[in-house]
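Note that these values count all heavy atoms, side chains included, but never hydrogens, waters or copies made by symmetry. Lettering follows sequence order; numbering is per chain, from 1.
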There are 2 protein chains.
Amino acid sequence: MAANSQFAMAVHILTMLARSGDTNVKSECIAASVNTNAVVIRRLLGQLSAAKLVISQTGAFGGTRLARCPSEISLCEIYKAVSCGEVFALHAKSPSQDCPVGKNIEAVLCNLQKEIDKSVGEKLGQYNLQNVIEQIEGVPI
Amino acid sequence: MAANSQFAMAVHILTMLARSGDTNVKSECIAASVNTNAVVIRRLLGQLSAAKLVISQTGAFGGTRLARCPSEISLCEIYKAVSCGEVFALHAKSPSQDCPVGKNIEAVLCNLQKEIDKSVGEKLGQYNLQNVIEQIEGVPI
DNA sequence: ATATCTGTAACAAGTATAGTTACAGAGCCG
DNA sequence: CGGCTCTGTAACTATACTTGTTACAGATAT
């Protein structure tokens, strides 16, 4: 269980919230659908709340609902809201600065990393929560 | 040290090989530039060899050299050669099949995952090893 | 034969995700 | 006001993955 599935869970969570409109949804209810512990859901909701994608209320009859309508929440925003890593990581330890390749490769890879991340963001930005709901309900995207 | 930096190391390795032409390069030599253990390099070279990107020779005066010229090795091929994961992972445990969202979200996310991976592949495919060498030598891409 | 290099197994160490328990604090209602 | 029901969060565990390291068999040139 080391592969980061936070984005997948976040989309799942937000899709459920979207289908509940203005009704508050409890973390236990979402956890049952995602098939995990409610605390795992609340941790993700914390990140989504910080990104202003959802609004949570404590107390009896509390819960969480979307902060905006589904068509205004892009998958890119969700991706950025949850702490996912980059597509690929740079060197763990700095390469040798005595080698011309080692000295410069990090900068090259760093630029490439940014470009790839931008490309992923743009692709994800083509879709929003409403599109996901439509796909789930059987309507082609 | 859990972030996967195999792609970064693979590009580093192949760049060094590219700059050595037809000369065999020893894993110890590459390891010194990457600043890691030679076995780590040999493990990666094994994957690159399986992908037919490099040719290795055992024995005295053995080592590794590129199997093709640098302009014919795209970064996409390198990415696919090393065992990197997907951009995002699907659910660790299957969602509840009793929930309409849980029942269908996996298929939606799986399609999305394929699309993103394809997008990353296409972006990486725009560059080859020769471009990396030119960047390292100070020539703009 | 000997020296040198790759290939690979085996194990240790470090780190990230996810699961779980526990509890403080917020808010509704009788 | 007191009790009930939620969220928010800390703390700990289990598991899995990457990387580092040692060790050694096998290949190859001299």
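Side chains of A:Asn24 and A:Gln57: a donor on one and an acceptor on the other come within 3.5 Å. A side-chain donor-acceptor contact under 3.5 Å links A:Ser56 and A:Thr64. No donor-acceptor contact under 3.5 angstrom links the side chains of B:Gln135 and B:Tyr127, judged on distance only.
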* Structure fact -> Expected string for nucleotides 21-30 of chain D under the B/S/- scheme (protein heavy atoms, under 4.0 Å, primed atoms plus P, OP1, OP2 as sugar-phosphate) is BBB---BBS-
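Nearest heavy-atom pair across B:Arg65 and B:Thr23 is CB-O, 3.9 Å.
At distances below 3.5 Å, at least one donor-acceptor pair connects side-chain atoms of B:Asn131 with backbone N or O atoms of B:Asn128. Using modelled atom types, no side-chain atom of A:Glu28 and backbone atom of A:Ala38 make a donor-acceptor pair closer than 3.5 Å. A distance-only check finds a donor-acceptor pair linking the side chain of B:Ser20 to the backbone of B:Met16 [under 3.5 Å]. Remark: the backbone N or O of B:Ser94 is not paired with any side-chain donor or acceptor of B:Glu106 at under 3.5 angstrom. Side-chain atoms of A:Asn104 come within 3.5 Å of backbone N or O of A:Pro100 as a donor-acceptor pair.
Under 4.0 angstrom from either OP1 or OP2 of D:dC17 there lies no side-chain N or O belonging to B:Gln6. Not one side-chain nitrogen or oxygen of A:Ser27 sits closer than 4.0 Å to the OP1 or OP2 atom of D:dC6. For the pair B:Ser5 and D:dT19, the criterion of a side-chain N or O lying under 4.0 Å from OP1 or OP2 is met.
Defining each end axis of the helix from C:dA1-D:dT30 to C:dG30-D:dC1 as the rotation carrying four pairs' C1' atoms onto the next four, with five pairs an end, the two axes are found to diverge by 10° to 10 degrees.
The CG atom of A:Leu44 sits 14 Å away from the C1' atom of D:dT9 (whole-angstrom rounding). Distance A:Leu90 CG to D:dT18 P: 17 Å, rounded to the nearest Å. Rounded to whole Å, the distance from CD on A:Gln47 to C1' on D:dG8 is 13 Å. Atom-to-atom, CG of A:Asn24 to C1' of C:dC28 comes out at 12 Å; the value is rounded to the nearest Å. One can place CD1 of A:Ile41 at 13 Å from C1' of D:dT7, the figure rounded to the nearest angstrom. Rounded to whole Å, the distance from CZ on A:Arg65 to P on D:dC6 is 16 Å. Going from atom CG of A:Asn4 over to atom P of C:dT15 covers 18 Å, rounded to whole Å. Rounded to an integer number of Å, the gap from NZ of B:Lys26 to P of C:dA3 is 16 Å.
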